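See below for the structure under consideration.
Here is the naming used below: chain letters follow the sequence lines, and residue numbers restart at 1 for every chain. Owing to the predicted nature of the structure, the values given are computational and were not obtained by experimental measurement.
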Protein chains: 2
Amino acid sequence: MPNNQFKRGELYSFITGKASIAIARCLQKKFNAAGLNLTIEQWSVLYQLWKEDGKSQQELCLATFRDKPSITRLVDNLEKLKLVRRVPSKDDRRINLIYLTPEALKLQDQTMTLAEETLNEALHGVPANQIETCKAVLQIVYDNLK
Amino acid sequence: MPNNQFKRGELYSFITGKASIAIARCLQKKFNAAGLNLTIEQWSVLYQLWKEDGKSQQELCLATFRDKPSITRLVDNLEKLKLVRRVPSKDDRRINLIYLTPEALKLQDQTMTLAEETLNEALHGVPANQIETCKAVLQIVYDNLK
DNA sequence: GGCATATAGTTAGATAAACAACTATTCAAA
DNA sequence: TTTGAATAGTTGTTTATCTAACTATATGCC
């Protein structure tokens, strides 16, 4: 029985991703406590734009592992919050380029600090080499299925 | 800088849990391909009831790491699908006990096989000891934050 | 040029999650 | 025994995801 590394009864945590749900909830609580009116999903889009501003919605789909309707609505809501603007591309009129507003630029330092804080709390007591192993395994899982 | 094991730029995958999202999407596709009209979230509730039938909604909250309104609505939808029944407890009239229907019992083997298949595909090429390390790290993360 | 196809994005409908506010029941202490 | 707190569950609202169907623009082949 090759590769049958999991038995019934061990499946649940892996599939539901309790660890990442816990991380996301913790970070959301920190955002709320800091008075930031921002969801983790919205933050994840801003995160990609802080890395490189002016991405298209399609690029945001790939970067955030979401489909097109999800990005459309996240950008809708980020526009309502005046954190991004849609700018039609001059080269290709099908494309919207998404640009950060000055307000969104101001959020970067504070939210990234909270995110680092969350991860450090989450990984407290875990040796660095085990973290590396874990990241490598999760990357393989992602590559195997995507 | 104690415990500062993550640098900016490495945060995203961990927080968003791309690996577990990929696993869940893959399993959902298998359910759909098999003609099963069942979401992964509904399946995760059935999974707990296959382990022990007749749990209360509160017990399902703890077991599935969800809040009470989420379980209320998942049980609503599972009842619509005629996969579970709410039975008021005789001991404590506040409590609903959730029981599987014969149809739900029939789904166990097929869906568990698909779940095992998904995990084996996901973990293809990962040594068993690294899987153990990964599971241990994710458990610590969960315990640190919960 | 014209037409098929692919690509970028939007809309609609269903399910799910987070939060707050609510009802009903139980339990314990004054 | 009554009152107040705790517990179990529901409802309403907002945001997010998935699927499918849709519009508009671009591309490539004839």
Side-chain angles (χ1 to χ4, degrees), chain A residues 16-18 20-33 36-45 54-81 83-84 86-98, chain B residues 16-18 20-22 24-33 35-45 54-81 83-84 86-98:
Chain A
T16 52
K18 278 163 70 168
S20 50
I21 293 173
I23 291 174
R25 283 185 190 160
C26 178
L27 180 54
Q28 183 71 66
K29 284 208 178 84
K30 286 180 193 285
F31 281 4
N32 296 345
L36 297 170
N37 180 24
L38 192 67
T39 68
I40 300 303
E41 292 83 3
Q42 291 164 357
W43 173 80
S44 77
V45 172
K55 283 191 165 82
S56 69
Q57 294 189 198
Q58 185 57 49
E59 287 169 326
L60 288 173
C61 289
L62 292 173
T64 67
F65 200 39
R66 289 185 172 87
D67 65 3
K68 292 191 292 174
S70 296
I71 290 298
T72 292
R73 298 215 156 92
L74 282 172
V75 172
D76 285 349
N77 286 333
L78 285 166
E79 264 195 328
K80 277 184 212 156
L81 294 170
L83 294 174
V84 304
R86 283 181 166 96
V87 178
S89 165
K90 288 168 186 168
D91 299 334
D92 185 336
R93 289 193 300 165
R94 293 172 302 181
I95 295 178
N96 290 332
L97 300 175
I98 312 301
Chain B
T16 52
K18 278 163 70 168
S20 50
I21 293 172
R25 283 183 190 162
C26 179
L27 180 55
Q28 183 71 67
K29 284 207 176 85
K30 285 180 194 287
F31 282 4
N32 296 345
L36 297 171
N37 181 24
L38 191 68
T39 68
I40 299 304
E41 294 81 4
Q42 292 163 358
W43 174 81
S44 76
V45 172
K55 285 191 162 85
S56 70
Q57 294 189 197
Q58 185 57 49
E59 287 169 325
L60 289 173
C61 289
L62 293 172
T64 66
F65 199 38
R66 291 187 169 85
D67 66 1
K68 291 192 293 174
S70 296
I71 290 297
T72 292
R73 285 173 174 128
L74 282 172
V75 173
D76 285 348
N77 286 332
L78 285 167
E79 265 195 326
K80 276 185 215 159
L81 294 170
L83 294 173
V84 304
R86 282 179 167 97
V87 178
S89 165
K90 288 167 186 171
D91 300 335
D92 185 337
R93 288 192 301 163
R94 293 171 300 181
I95 294 178
N96 290 333
L97 301 175
I98 311 301

Would you call A:S44 and A:R66 a side-chain contact if the rule is heavy atoms closer than 4.5 Å?
yes
For the helix from C:dG1-D:dC30 to C:dA30-D:dT1, measure the angle between the helix axis at one end and the axis at the other, each built from five pairs, rounding to 10°.
10°
Measure the spacing between CD1 of B:I71 and CD of B:E59 and express it to the nearest 0.5 Å.
11.5 Å
Which atom of A:G54 lies closest to which atom of A:L97, heavy atoms considered:
O-CD2, 3.5 Å
What is the distance from CG of B:N37 to P of D:dT19, rounded to the nearest Å?
13 Å
Any A:R66 side-chain nitrogen or oxygen under 4.0 Å from OP1 or OP2 of D:dA16:
no
When rounded to whole Å, the CG to P distance for the pair A:L62 and C:dT7 reads 12 Å
Verify the contact: side-chain N or O of A:R93 to OP1 or OP2 of D:dA24, cut-off strictly under 4.0 Å; return yes or no.
no
Could you give the CZ-to-P distance, from A:F31 to D:dT14, as a whole number of Å?
22 Å
Of A:D91 and A:D67, whose nearest nucleotide on DNA chain D comes first from the 5' end?
A:D67
Taking the side chain as everything from C-beta on, heavy atoms only, tell me whether A:F65 gets closer than 4.5 Å to B:T16.
no
Partner of A:R25 under side-chain contact (heavy atoms from CB on, under 4.5 Å), chosen from A:I23, A:L27, A:I21
A:I21
Please state how far atom CG in B:L38 lies from atom P in D:dC18, giving the value in whole angstrom units.
16 Å
For B:R25 and D:dA16, what is the distance between atoms CZ and C1' respectively, to the nearest whole Å?
12 Å
Protein-proximity profile, nucleotides 8-15 of chain C, B/S/- by nucleotide at the 4.0 Å heavy-atom cutoff, equals BBBBBB-S
What is the distance, rounded to the nearest whole Å, between atom CG of A:L83 and atom P of D:dT15?
13 Å
As a test of understanding, state which of A:V84, A:L74, A:V75 forms a side-chain contact (heavy atoms from CB on, under 4.5 Å) with A:Q42.
A:L74
Between B:N77 and B:K80, does a side-chain hydrogen bond (donor to acceptor under 3.5 Å, both in side chains) hold up when you go through it step by step?
CA-CA 5 Å; B:N77 286 332; B:K80 276 185 215 159; 3.3 Å; yes
B:N37 side chain near B:L81 side chain, heavy-atom distance below 4.5 Å:
yes
Electrostatic pair A:D76-A:R86, nearest N-O below 4.0 angstrom:
yes
If I take atom CD1 in residue B:I21 and atom C1' in nucleotide D:dC18, what distance separates them, rounded to the nearest angstrom?
13 Å
